[in-house]
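All values below were derived from every heavy atom in this structure, side-chain atoms included, with hydrogens, water molecules and symmetry-related copies excluded. Chain letters run A, B, ... following the sequence lines, proteins first and then strands; every chain starts at 1.
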Amino acid sequence: MDTVDNKNKIGRYLITAALPYANGLKHIGHLAGAYLPADIYVRYLKAQKREVVFVCGSDEHGTAIPIQAMKEGTTAQAIIDKYHPIIEQNFKDLGIAFDIYHRTSAPLHHETAQEFFQVLNDNGDLEVKESEQYYDEATDTFLADRYIKGTCPVCANDNAYGDQCEKCGSTLSPDMLINPVSTLSGNAPIKKATKHWYLPLNRHEEFLRDWILKEHKDDWRTSVVGQCKSWIDGGLQPRAVTRDLDWGIRLPLTVNSKPLTEGAPLLAVEGQRNAVSKDDAGKVLYVWFDAPIGYISATKQWALNNDKDWKPYWYAPDTKLVHFVGKDNIVFHCIIFPVMLKLHGNILPTNVPANEFMNLEGDKMSTSRGWSIEMDDYIKEWVKKENGGDGMADVLRYYLTQIAPETKDSEFTWKGFQDANNSELVNIFGNFVNRTYVLMHKLCGGKVPAFHNDIIDDADKQLILDIKASVVKVENLLEGYKFRDALFEVIDLARKGNKYMQDKEPWMVAKRQTVEGVLSAEGKKSIDNCLHLCLQLTANLTILINPFLPFTAAKLCKMMKVVERMLEWENAGRIDLLKVGYSLREPQLLFRKIENEEIEAQLDKLKSSIVNRQQIKVDTVEEIKTQKELEPVGAEIVFDDFAKIDLRVGTIVAAEKVPKADKLLQLSVDLGFETRTIVSGIALHFAPEDIIGKQVTVVVNLAPRKMRGIESNGMILMAEDTEGKLHFINPENAINNGASVR
RNA sequence: CGCGAGGUAGAGCAGCGGUAGCUCGUCGGGCUCAUAACCCGAAGGUCAGAGGUUCGAACCCUCUCCUCGCAACCA
């Protein structure tokens, strides 16, 4: 464990949180796994006035981005430009205070990653091997496993991918597929030789054994060490550093660190068979290689922004580097990246406090299945609401920390969320602060009362000891990355406050000691002491809760009319934080109760979203094509059935997006005899402003149906092409509205 | 027998050789300044299952079952 004792030897802290992959929104599981614990730790360190930089950023390379682009019918660049700012804002709204949120598409990152590769390659730390890979001649590209489909050799599913069959779950390699087909062109791929650089992890087995299994056997989490042991014992293999793809960081075109000039040798000069040549222009760095270097480029950018030197953070031995990640990321941060760092001459991480996973209402979280709570959704539903506010961000932070999967997988339930808020934040913490304030205003005239040492009793002394003890405990727990326990300790201190006040019952003292409207001197002193200590405790709670619930701490500072400097950790444990005679504000409720209806609404939303997702589930372009082409002819009907359908031509006169619905547009359609409201699920395909004035064909005698609370009176006919794109069915030339279609 | 982590009251977790504990929830009683807390009391567990070591096991060993993760072109 990193004890409090050796913290003074640390010159600076560099804290990283796993780079979110910019192919979609991130959910609360991600938040609980890496970002929230990292943020708590950083806020604590900053309160300690230690030198600390907290870096993160979007990971924007890899195959999944272009695949997501295909799904959304756009470009890879558009995908990352869409998700990067949303994710960044989501973090901000939830109080995750990165010192920099960078992105791997930034030129500075490209340079940094290329330099890194260059150094390793020049030092002979990389190997070059040739291998045969599937190649699509039509599109002139080598195919990543995900881009190849074929028949699964295990279950005969026709839509198995090159890396895995999603039907039977078998792990595959492209060679195992029967009749492989490129998803890019639909053609059969050919085999072609290609050259790749590898990181020979096998050369570093000894180092890893010593470093992880011996040095960090006891101070890293058991699951982390166990996972590493599993990998090392399994035999480390060289890992490809490059790949044939046009989305990513190009290899640095240099020989012996000098730019490659025209006419330079195609392959390597003598003794430099690893050198990159002009032939390698189509290769990029593998995303696993470039992504963690993003921590370094982010640090550089932070230094530029703040006029600091970034180098000590990556080279000085007294820097403490801590990576916060989820358990899926252990191997990259404990084995692969450290090897890279060691070869490049950087410092190694001090700890990698990986969390397990968080389930949701009894099932794994999964964005693709719609079974998740996205940060973006939570913010919209709870924070940016009339009865929401920053406090609701803190509520999520509280519950996620309270159920943090530090030692094993844990589970998020809306009922648990409600209970944690209502019984702990509202009833214990919020109530203590509130009753202290109310009583202080009632019995002490809204001012901090004096403390009379002559009548100090055991209860007072005990409370003071409890405060000081809590500070030490919280500190030790935070240093040991036990955030769940640390938070519990803070709430427990509030619990002790409630008990103390109950035992002292100043409201009863006021009643008992008041004779003919005058409070006795002893009574006054007793009340003063009690409320004085309760107020000092409130100030201490503010300092202790600050790393966990920063918005609440800020609110408390306002109520106590103190500057944020009071939040510095060295003030924790002091019982003279609020000056005697200082007048304080009226109490303001810190948290609100969450009602059953709100929880039920969230549960309904979750259940309906999983249904919707299944309906609109799309995969690659190829898959859509296959599905559409295979759509069978419907069952035969008689003419009378057809005649029942009343089809008319109408003109769209107004269109707007339906709030809180991804796919719905609310349209007003002029049918000649009337103008109707029709809700149509076409928002993903058309912008409202683009379709106003268009003529369409409408089913006018369809029974009305409510969608998202809006009654839809009819249905617009659309044709769907093989790529899943929608087209209006309308008359060749503009005709009168209300015309019948037969 | 691929590897790793985990399976303890309704929920979430701690305990890792001395006979089961914490928080929330539930039920009964007291008190009341408060978005009500606090106090007293109660119900609720064959510590996944089986076997073994031991005077004694939730804790050590063996096997089985279940959950999650990883198994290298996947971030």
### N-O pairing of Lys195(A) and Glu130(A) below 4.0 Å
no

### Query
Mind checking the C1' distance from C63(B) to U53(B)? Whole angstroms is fine.
15 Å

#### Entry: Tyr399(A)-Phe412(A) aromatic ring centre distance below 6.0 Å
yes

### Message
Within the 4.5 Å heavy-atom criterion, are Phe324(A) and His333(A) side-chain neighbours or not?
### Response
no

### Task
Convert the base pairs of RNA chain B into dot-bracket notation, remembering that pairs crossing earlier ones are written with [ ] and that bases paired across to another strand are shown as |; include only Watson-Crick or G-U pairs under 3.5 Å.
.(((((((.[[[[.)..(..]]]].(((((.......))))).....[[[[[..)....]]]]])))))).....

### Query
What pairs with His27(A) under ring-ring contact (aromatic ring centres under 6.0 Å, His included), at least two apart in sequence or on another chain?
His30(A)

### Message
For Arg103(A), is there an ion pair with Asp59(A) - N to carboxylate O distance below 4.0 angstrom?
### Response
no

#### Entry: Pairwise C1' distance, C1(B) and U62(B) [rounded to whole Å]
14 Å

### Query
Taking the side chain of Val438(A) as heavy atoms from C-beta outward, which of C70(B), A14(B), C33(B) is closest to it?
C33(B)

I'd like a table of atom pairs between the protein and nucleotides 22-25 of chain B - only N or O on both sides, under 3.5 Å - with the distance next to each one.
{"residue": "U23(B)", "atom": "O3'", "partner": "Arg495(A)", "partner atom": "NH2", "Å": "3.1"}
{"residue": "C24(B)", "atom": "O3'", "partner": "Ser423(A)", "partner atom": "OG", "Å": "3.2"}

### Task
Using a strict cut-off of less than 4.0 Å between a Lys/Arg side-chain nitrogen and an Asp/Glu carboxylate oxygen, indicate whether Glu127(A) and Arg203(A) qualify as a salt bridge.
yes

### Query
Can the ring centres of His61(A) and Tyr286(A) be said to be less than 6.0 Å apart?
no

### Task
Say whether, by atom type as modelled, one donor and one acceptor occur between the side chain of Lys283(A) and the main chain of Asp246(A) under 3.5 angstrom.
no

### Query
If the P atom of C65(B) is compared with that of A57(B), how far apart are they to the nearest Å?
26 Å

### Nearest-Å distance for atom pair CG/P, residues Asn422(A) and A37(B)
10 Å

### Query
Is the distance from OP1 or OP2 of U32(B) to the nearest side-chain N or O of Arg435(A) less than 4.0 Å?
no

### Task
Please state how far atom OH in Tyr286(A) lies from atom C1' in A72(B), giving the value in whole angstrom units.
9 Å

